[in-house]
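Step one of this worksheet: look at the structure below.
Residues take their numbers from the sequence shown, with the count starting at 1. Indexing begins at 1, ligand by ligand and atom by atom, following the structure's order. Only this structure's heavy atoms are used, side chains among them; waters, hydrogens and symmetry mates stay out. None of the values given here were measured: they were computed from a predicted structure.
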Amino acid sequence: MVIISRTRTERLPLDSIRWRIVLAFLLVIGFSFAVMYLLLTGYVSNYLYQQRIRQDSLSAERLATTVAPLFQSAASDSLNDTLISAGGELGGRFLVIDPDGKVQFDSFSRALGTRLQLPEVLDVLTGGEAGSYGIHLSGSGGVSGEEPVAVYASRLVGPRGSLGVLLYVAQVGEMVESLNAVIFRLTMVFALVALVAVIAALVFSGVLTRPVNTLTQATRRMGKGDLTVRVPEKGSGELKNLARSYNWMAEQLETLDQSRSQFVSNASHELRTPLASMKVLLENVLYQPDMPAEIRTEFLTDVDGEIDRLANIVSDLLLLSRMDNQKLELHPVTMSLTATCEETIRLLTPVAEKKHQTVTGRIQQGVTITGDPDRLKQVVYNLTENAIKYTPEGGVITVTLARRGRTAVVTVRDNGIGIPKADLPRIFDRFYRVDKARSRESGGTGLGLSIVRQMVQLSGGQVTVESEEGQGSVFTVTLPVDGKEKRVS
Ligand SMILES: Nc1ncnc2c1ncn2[C@@H]1O[C@H](COP(=O)(O)OP(=O)(O)OP(=O)(O)O)[C@@H](O)[C@H]1O
Ligand SMILES: [Mg+2]
């Protein structure tokens with residue numbers, strides 16, 4: 001028996017089941033991460049932005065109240081000083097924009113006189129809002145360089161309404177950096193988890209698909225004719241059952257294969273024997289032209305006998321092969337088993353008489369059953385012929401027929417040589433003979449009983465044997481009277 005183990009098998013490329021499992025793992029992990037990523041970055045950025053907004057808007061609003069009267073009274077110097085010192089304190093830049101959107105004061109003095117198109121400014125100037133806040137990742141609207149900035153526009157209110165806007169521009173590089181750090185860490189964790197997930201999926205799917213791959217390889221090898229392949233029955237559940245069924249099937253096929261080749265070699269051997277003796281006999285006749293006529297006749301009679309034997313073997317073999325291929329169809333009719341038994345006795349009595357044997361019939365009259373007359377005659381004939389063949393001169397053979405309920409029972413009893421206990425289980429096997437030399441001498445091939453068994457089984461009955469070496473044998477055939485046909489596997 002060959003056990004396919006992992007080390008011996010060539011590795012199959014990753015098959016589709018494995019890929020699907022890996023993909024499913026990745027999808028699940030990826031999806032949960034995407035959700036987590038969005039939620040987390042959302043929370044973190046929200047938190048950071050909110051804090052910033054609160055601080056900046058407070059500073060801007062506070063300053064706006066200080067700046068508004070200065071702007072209104074056109075106290076440019078003190079306004080400038082206020083803006084510059086507040087900018088220095090808070091680490092930002094302050095601009096004052098008039099209602100037309102023009103920069104009137106700038107603590108960095110860079111954008112004086114320009115118009116700022118920032119949405120936050122417009123929100124206050126034209127949208128009527130008291131304050132507006134926004135983040136610009138790369139500076140825009142002329143208020144910063146390439147650095148990310150937060151801008152807060154706060155309305156400047158005078159006694160007669162809006163005076164313009166105080167714009168607070170703060171560097172938020174640090175905040176964006178810490179946000180990026182969070183995102184980077186999350187991405188790293190995701191990559192790590194994804195890697196672990198892929199490895200886990202590969203291992204898991206490998207464990208799952210290995211038995212299937214092993215089975216695939218085993219069936220391939222079996223397909224190429226190696227019936228000795230078996231797979232380990234490991235794991236649990238369905239896969240173990242599958243492996244077990246496969247091994248069982250392989251076992252059956254191997255047995256079948258062995259019995260087929262055994263059958264062929266036995267059959268050829270059996271055919272060769274009569275052919276060889278015929279050749280010897282014919283060569284004798286051929287190379288001795290002056291052979292006396294009576295000896296030649298004797299030789300040719302022997303050849304004739306061998307031809308009969310060959311013909312018998314061939315017809316037995318054909319019969320068995322038709323039964324094997326389930327091509328032998330029975331033709332059940334209502335028939336008299338009584339007549340079958342009586343006819344067999346009549347046919348074989350002359351053979352028995354040659355050995356000074358007595359064939360007695362204890363035949364119940366009127367036993368009719370549904371069955372194939374030719375096949376059942378063959379059954380009774382083979383058993384009675386054996387009884388005569390394996391009983392010494394002067395022996396007694398008794399054929400009995402009786403009906404018992406829904407069955408008919410035929411027994412063939414003899415007081416002959418009997419069958420040793422060790423051989424009993426095998427005598428129905430094809431070509432099996434207890435004493436090969438003696439049986440062949442009497443023309444036996446060892447097919448008679450196997451034909452009997454198959455015919456009886458095909459007719460829905462059973463055949464059994466009891467025997468005592470040196471005492472005799474009893475073969476019992478039980479047949480259903482309503483003759484249900486049964487297919488023999
Ligand atoms: N009544 C019997 N008494 C003793 N031995 C028997 C008896 N019937 C069968 N056997 C043994 O069983 C063997 C198988 O019988 P089977 O009828 O199958 O073969 P055969 O008689 O040798 O040849 P064949 O019937 O094919 O011409 C015989 O060779 C014989 O050894
Ligand atoms: Mg026989």
Side-chain angles (χ1 to χ4, degrees), residues 259 262-263 265-274 277 305-324 341 344-345 347-349 351-352 355 357-361 375-400 410-458 462-477 488:
S259 73
Q262 181 76 36
F263 181 70
S265 91
N266 283 340
S268 337
H269 185 75
E270 290 305 324
L271 293 172
R272 223 174 41 199
T273 318
S277 61
E306 290 299 330
I307 290 177
D308 283 347
R309 190 171 158 204
L310 257 183
N312 280 341
I313 296 175
V314 170
S315 66
D316 279 356
L317 287 175
L318 275 177
L319 192 64
L320 281 167
S321 126
R322 278 166 66 201
M323 282 196 275
D324 279 352
C341 292
T344 309
I345 295 173
L347 273 171
L348 285 170
T349 299
V351 184
K355 289 178 80 180
Q357 294 167 333
T358 335
V359 182
T360 320
R375 304 302 168 203
L376 292 178
K377 191 170 145 194
Q378 200 164 2
V379 168
V380 185
Y381 188 95
N382 280 7
L383 292 176
T384 316
E385 189 197 33
N386 276 354
I388 295 170
K389 210 157 46 165
Y390 302 109
T391 299
E393 299 221 340
V396 179
I397 290 104
T398 317
V399 179
T400 317
V410 182
T411 56
V412 179
R413 177 188 298 271
D414 65 64
N415 60 353
I417 59 171
I419 302 160
K421 282 255 167 320
D423 296 288
L424 271 179
R426 299 201 56 197
I427 54 160
F428 291 100
D429 291 355
R430 291 168 188 187
F431 299 107
Y432 193 80
R433 288 171 295 218
V434 175
D435 181 344
K436 306 218 167 1
R438 180 138 38 121
S439 180
R440 193 173 291 146
E441 244 170 57
S442 56
T445 323
L447 291 176
L449 284 181
S450 58
I451 291 174
V452 166
R453 185 172 62 177
Q454 267 188 286
M455 293 285 184
V456 171
Q457 286 182 343
L458 214 54
Q462 274 180 356
V463 55
T464 54
V465 59
E466 282 167 58
S467 186
E468 189 83 35
E469 212 178 343
Q471 302 290 310
S473 316
V474 190
F475 284 85
T476 309
V477 175
V488 187

I427 to ligand 1: N or O pair under 3.5 Å?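 No: no nitrogen or oxygen of I427 is under 3.5 Å from one in ligand 1.
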Short N or O distance, N386 and ligand 1, threshold 3.5 Å exclusive: yes
May I ask you to say whether [X] pairs ionically with [Y], meaning some side-chain N is under 4.0 Å from a carboxylate O?
{"X": "R413", "Y": "E468", "answer": "no"}
{"X": "R430", "Y": "D316", "answer": "no"}
{"X": "D429", "Y": "R426", "answer": "yes"}

Tell me the contacting part of D414 for ligand 1: side chain, backbone, both, or neither, using a 4.0 Å heavy-atom threshold, strictly below.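 Under 4.0 Å from ligand 1, D414 contributes side-chain atoms alone.
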At under 4.0 Å between heavy atoms, which part of K389 makes contact with ligand 1: side chain, backbone, both or neither? side chain
Quick check on contacts: which atoms of ligand 1 are under 4.0 angstrom from a heavy atom of [X]?
{"X": "F475", "value": "1 (N), 8 (N)"}
{"X": "I419", "value": "4 (C), 5 (N), 6 (C)"}
{"X": "S473", "value": "2 (C), 3 (N), 4 (C)"}
{"X": "G444", "value": "20 (P), 22 (O), 23 (O), 27 (O)"}
{"X": "Y432", "value": "13 (C), 14 (C)"}

Heavy-atom contact under 4.0 Å between G446 and ligand 1?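 In this structure, G446 qualifies as a contact of ligand 1 - some heavy atom is under 4.0 Å.
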Looking only at atom types and distance, does a side-chain atom of S467 sit under 3.5 Å from a main-chain N or O of I419, one as donor and one as acceptor?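 Side chain of S467 to backbone of I419, a donor-acceptor pair under 3.5 Å: yes, one is there.
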N/O donor-acceptor pair under 3.5 Å between Q357 side chain and P392 backbone: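 Checking the backbone N and O of P392 against the side chain of Q357, a donor-acceptor pair under 3.5 Å is found.
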Ring geometry between F428 and F475 (parallel below 30°, tilted from 30 to 60°, perpendicular above 60°):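 F475 and F428: perpendicular rings.
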When you compare the side chain of T344 with that of E385, does any pair of heavy atoms fall below 4.5 Å? no
Would you check if the Mg ion (ligand 2) lies under 2.8 Å from any N, O or S atom of N386? yes
